[in-house]
Amino acid sequence: MTHICCIGHITRDRIITQNPPNTVHCAGGSAYYMAWAFQALPHDVGFHLVTAVSHEVMPEVEKLREAGIPVTAFDSPDNVFFENKYGVNMDHRTQRVLARSAPFTIDQLKDVEARVFHLGSLMADDFAPEVVEYLATKGDVSIDVQGYMRMVKGEQVLSTEWKDKLRLLKHTAILKVNEWECQTLTGMTDPYVAAQQIHEWGVREVIITLGGGGSVIYADGQFFETPAYPPSRLVDATGCGDTYSAGYLYARAKGMSYAESGQFAAAMCTLKLEHTGPFDRTIEDVRRILAK
């Protein structure tokens with residue numbers, strides 16, 4: 001059986017950075033960054049990507065297939081088009097959405113089997129509550145909360161409350177949030193207290209990323225802290241959270257502890273930050289970061 005199935009849209013992205021000033025057009029989205037990260041790692045953990053794309057983005061699907069990633073691609077009349085604009089501090093960005101894709105449906109996912117379903121949500125309506133509840137009957141659900149907290153007004157991406165959080169978190173085994181998302185989700189400024197609250201809502205493994213402050217994992221009644229390993233140069237943070245998720249889920253599938261999995265994921269993020277585009281290094285490169 002496939003161990004990890006990532007479900008999400010592949011996007012068209014415009015990435016604007018300030019230091020140095022640069023504009024890049026490329027494919028993106030949680031599913032895209034997850035898939036390429038798994039392609040770069042040893043293929044000893046079964047991975048499957050489920051996406052929905054228009055003919056314009058189908059070449060990106062074919063590249064993944066040629067690289068050895070199993071992909072199920074449904075037709076979509078359009079693709080999500082993000083503009084990500086970063087400030088000098090790469091932890092700060094503004095977004096615009098210039099196009100959107102249709103949500104995923106239970107009918108599309110009825111034949112998909114996996115031990116872990118990672119939902120690469122980009123918008124709050126990518127996955128209806130019924131879809132999440134259905135997937136939870138088939139395996140563990142892993143969610144990166146970012147998409148659930150995005151509301152689009154015109155082209156501007158604004159923050160919004162996750163209105164179905166209590167309904168869905170009780171069906172969520174693994175949840176990843178950043179520091180701002182954690183505060184918005186719980187109303188708490190202390191990430192340790194917030195992690196315990198999220199766990200009480202039903203989540204087995206709570207991961208809170210803290211940017212340059214590393215990350216903290218709450219599981220089995222304990223906290224596990226992971227440092228942030230400084231990159232040799234800071235180029236582009238787009239897809240960093242998705243790279244973390246890929247590394248964490250891979251490491252857990254390999255039987256690593258919570259702490260080891262967080263460290264492995266953080267090391268992958270360090271290498272991802274050093275260039276624009278998905279993670280493209282090797283597990284030996286990850287181990288070199290950890291050895292330091």
Side-chain angles (χ1 to χ4, degrees), residues 8 30 33-34 84 86-87 89-95 116 118-124 126-127 129 132 136 140-151 157-229 237-249 251-252 258-259 261-266 268-270 272-273:
S30 296
Y33 285 101
M34 285 276 293
N84 295 321
Y86 290 92
N89 182 340
M90 294 291 282
D91 287 339
H92 299 152
R93 76 175 176 185
T94 57
Q95 290 183 311
V116 178
H118 181 77
L119 307 188
S121 62
L122 299 173
M123 302 291 171
D126 279 353
F127 299 95
V132 181
D140 284 342
V141 171
S142 167
I143 292 179
D144 185 329
V145 80
Q146 59 180 338
Y148 283 102
M149 306 185 78
R150 288 181 180 143
M151 174 180 66
V157 178
L158 306 174
S159 61
T160 185
E161 185 179 356
W162 185 5
K163 62 180 180 179
D164 295 311
K165 67 182 181 184
L166 296 183
R167 175 179 175 180
L168 296 186
L169 288 178
K170 64 184 179 182
H171 298 290
T172 303
I174 304 164
L175 184 77
K176 188 185 78 64
V177 296
N178 64 29
E179 192 170 12
W180 175 85
E181 292 162 347
C182 182
Q183 292 180 20
T184 305
L185 191 66
T186 65
M188 301 173 181
T189 57
D190 185 329
Y192 293 85
V193 177
Q196 291 174 312
Q197 175 62 77
I198 294 169
H199 175 72
E200 289 175 8
W201 286 336
V203 179
R204 186 182 71 212
E205 300 169 40
V206 182
I207 304 163
I208 303 174
T209 58
L210 306 170
S215 60
V216 61
I217 298 164
Y218 183 67
D220 292 343
Q222 298 181 60
F223 289 101
F224 305 91
E225 297 176 338
T226 299
Y229 306 104
T238 306
C240 198
D242 306 311
T243 302
Y244 187 106
S245 292
Y248 182 83
L249 294 176
R252 293 290 293 140
Y258 299 118
S261 299
Q263 292 160 7
F264 187 90
M268 283 185 64
C269 286
T270 294
K272 158 65 201 89
L273 284 167

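Computed from heavy atoms alone, side chains included, the values below leave out hydrogens, waters and symmetry copies.
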Answer whether the closest heavy-atom distance between the side chains of E225 and Y192 falls below 4.5 Å. yes
I208 to C182 - nearest heavy-atom pair and separation: CD1-SG, 3.6 Å
Nearest 0.5 Å, what's the CZ-OG distance between R150 and S121? 7.5 Å
Between S245 and Y33, do the side chains contain an N or O donor and an N or O acceptor separated by less than 3.5 Å? no
Please check this pair: side chain of T186 against backbone of A194, looking for a donor-acceptor N/O pair closer than 3.5 Å. no
Should the pair Y148 and W162 be assigned to parallel (<30°), tilted (30 to 60°) or perpendicular (>60°) ring geometry? parallel
All N/O donor-acceptor pairs, side-chain side in residues 168-178, below 3.5 Å, sequence neighbours left out:
| from | atom 1 | to | atom 2 | distance (Å) |
| --- | --- | --- | --- | --- |
| T172 | OG1 | L168 | O | 2.9 |
| K176 | NZ | D144 | OD2 | 3.3 |
| N178 | OD1 | W180 | N | 3.1 |
| N178 | OD1 | E181 | N | 2.7 |

Which pair of non-hydrogen atoms, one from A237 and one from L273, has the smallest distance, and what is that distance? CA-CD2, 3.7 Å
What closest approach, in Å, do F264 and G247 show between heavy atoms, and which atom pair accounts for it? CD2-O, 3.5 Å
Describe, in one word, how the ring planes of F223 and Y218 are oriented to each other, choosing from parallel (under 30°), tilted (30 to 60°) and perpendicular (over 60°). tilted
To the nearest 0.5 Å, what is the distance between CD (Q197) and NE2 (H199)? 11.0 Å
So which atom in S30 and which in D242 form the shortest heavy-atom distance, rounded to 0.1 Å? OG-OD1, 2.8 Å
When rounded to the nearest 0.5 angstrom, what distance separates CD in E161 from CE in M149? 8.0 Å
Taking atom types as modelled and ignoring hydrogens, do the side chains of Q222 and Y258 form a donor-acceptor contact shorter than 3.5 angstrom? no
Report yes if some heavy atom in the side chain of Y248 is under 4.5 Å from a heavy atom in the side chain of M268; otherwise report no. no
Specify the closest pair of heavy atoms between G262 and T226, including all atoms of both residues, with the distance to one decimal. O-CG2, 3.4 Å
Euclidean distance, Q196 CD relative to I198 CD1, rounded to 0.5 Å: 10.5 Å
Shortest non-hydrogen separation from A251 to S261 and the atoms involved: CB-OG, 3.4 Å
Quick check for you: to the nearest 0.5 Å, what is the distance between R252 atom CZ and D140 atom CG? 10.0 Å
How about S215 and Y244: does a side-chain donor come under 3.5 Å of a side-chain acceptor? yes
